[in-house]
Amino acid sequence: MLRILVTGALAVLAVAPAMADQALATSKSCMGCHGVQRKVVGPAFKDVAAKYKGDKTAVEHLTRKIKQGGSGVWGKVMMPANPQISDAEAQKLALWILNTP
């Protein structure tokens, strides 16, 4: 019984940070154009994570891209700028995106 409780608690702890960051992404309207596992208008976050895997500049690059927007990397659809997102929030989102399995 104890093993089941410990396993359940660990599962909740493992998912909680991901859900908290997904909540931030949802609150900032990111999920209107991106899915975690599938492309919507923009690329799936798992695809962004795969593209930038091992790139030491990825956090800074994506933080800037979230704030300033851009186009051409994933096709013709432009990602709008998001100046209402703070630098700290943009960095948190970038880290979460880069750690998407």
Side-chain angles (χ1 to χ4, degrees):
M1 180 68 168
L2 180 59
R3 186 179 347 178
I4 293 170
L5 290 174
V6 169
T7 302
L10 290 175
V12 168
L13 290 174
V15 172
M19 294 303 285
D21 293 293
Q22 186 167 349
L24 177 61
T26 300
S27 76
K28 298 301 181 182
S29 300
C30 304
M31 306 307 285
C33 294
H34 300 276
V36 175
Q37 297 296 319
R38 65 177 179 79
K39 174 182 171 40
V40 178
V41 175
F45 291 139
K46 73 174 181 82
D47 296 333
V48 175
K51 180 177 183 71
Y52 292 101
K53 186 175 183 171
D55 182 341
K56 304 264 189 252
T57 65
V59 174
E60 295 84 17
H61 174 75
L62 291 179
T63 298
R64 189 170 46 256
K65 185 75 88 167
I66 290 166
K67 296 274 296 175
Q68 296 175 2
S71 66
V73 176
W74 296 96
K76 295 179 182 179
V77 177
M78 183 175 164
M79 179 174 156
N82 294 284
Q84 76 282 5
I85 297 176
S86 71
D87 292 343
E89 289 169 329
Q91 184 176 35
K92 185 175 183 180
L93 288 166
L95 287 165
W96 174 68
I97 292 165
L98 292 169
N99 286 297
T100 301

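Everything numeric in this text was worked out from a predicted model, so none of it was measured. Throughout, numbering of the chain's residues begins at 1 and tracks the sequence.
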With sequence neighbours excluded, tell me which residues meet salt bridge (charged side-chain N to carboxylate O under 4.0 Å, His left out) with Lys65.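 For Lys65, no residue satisfies salt bridge (charged side-chain N to carboxylate O under 4.0 Å, His left out) once neighbours in sequence are set aside.
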
Checking Asp55 now: which residues fulfil salt bridge (charged side-chain N to carboxylate O under 4.0 Å, His left out) with it, not counting sequence neighbours?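 Per chain and number, Asp55 pairs via salt bridge (charged side-chain N to carboxylate O under 4.0 Å, His left out) with no residue.
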
Can you name the side chain to side chain donor-acceptor pair (under 3.5 Å) partners of Ser71, sequence neighbours left out?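 Testing Ser71 for side chain to side chain donor-acceptor pair (under 3.5 Å), a comparison that skips the adjacent residues, returns none.
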
Taking all heavy atoms of Ala49 and all of Leu98, pick out the closest pair and write down the distance.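 The pair with the smallest heavy-atom distance is CB-O, 3.6 Å.
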
Any pair with a residue in residues 27-50 that passes ring-ring contact (aromatic ring centres under 6.0 Å, His included), sequence neighbours left out, goes on the list, sorted by first then second residue, please.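 Sorted result for residues 27-50: His34-Phe45, Phe45-Trp96.
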
For residues 54-89, which residue pairs pass the ring-ring contact (aromatic ring centres under 6.0 Å, His included) check, not counting sequence neighbours?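 Output for this query lists Tyr52-His61.
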
I need the single residue from Thr63, Leu62, Val59 that forms a side-chain contact (heavy atoms from CB on, under 4.5 Å) with Leu95. Which is it?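 Going through Thr63, Leu62, Val59 one by one, the side-chain contact (heavy atoms from CB on, under 4.5 Å) with Leu95 is satisfied by Val59 alone.
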
Mind checking whether Val73 and Ile66 sit in one hydrophobic cluster, side chains of I, L, V, M, F, W, Y counted as touching below 4.5 Å?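 Yes, Val73 connects to Ile66 through the hydrophobic network.
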
Co-membership, hydrophobic cluster, residues Val40 and Ile97, 4.5 Å side-chain: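 Unlinked, Val40 and Ile97 end up in two clusters.
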
Quick test of your reading: applying salt bridge (charged side-chain N to carboxylate O under 4.0 Å, His left out), list the pairs with at least one residue in residues 78-87, sequence neighbours left out, ordered by first then second residue.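 Passing the test, one end in residues 78-87: Lys67-Asp87.
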
Not counting sequence neighbours, list each pair that qualifies as a salt bridge (charged side-chain N to carboxylate O under 4.0 Å, His left out) and has a residue in residues 70-85.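 Those involving residues 70-85 do not exist here.
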
Under the criterion side chain to side chain contact (heavy atoms under 4.5 Å, CB included), I'd like the reasoning laid out for Val77 against Met79: C-alpha separation, chi angles, the key distance, then a yes or no. CA-CA 7 Å; Val77 177; Met79 179 174 156; over 6 Å; no

Among residues at least two apart in sequence or on other chains, which ones pass side chain to side chain contact (heavy atoms under 4.5 Å, CB included) with Lys39?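 If we apply the side chain to side chain contact (heavy atoms under 4.5 Å, CB included) test to Lys39, skipping adjacent residues, there are no hits.
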
Gln37: partners by side chain to side chain contact (heavy atoms under 4.5 Å, CB included), with sequence neighbours left out: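 Lys46, Thr100.
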
Under 3.5 Å, sequence neighbours excluded: what are the donor-acceptor pairs made by side chains of residues 23-33?
residue	atom	partner	partner atom	Å
Thr26	OG1	Gln22	O	2.9
Ser27	OG	Leu24	O	2.9
Lys28	NZ	Glu89	OE2	3.4

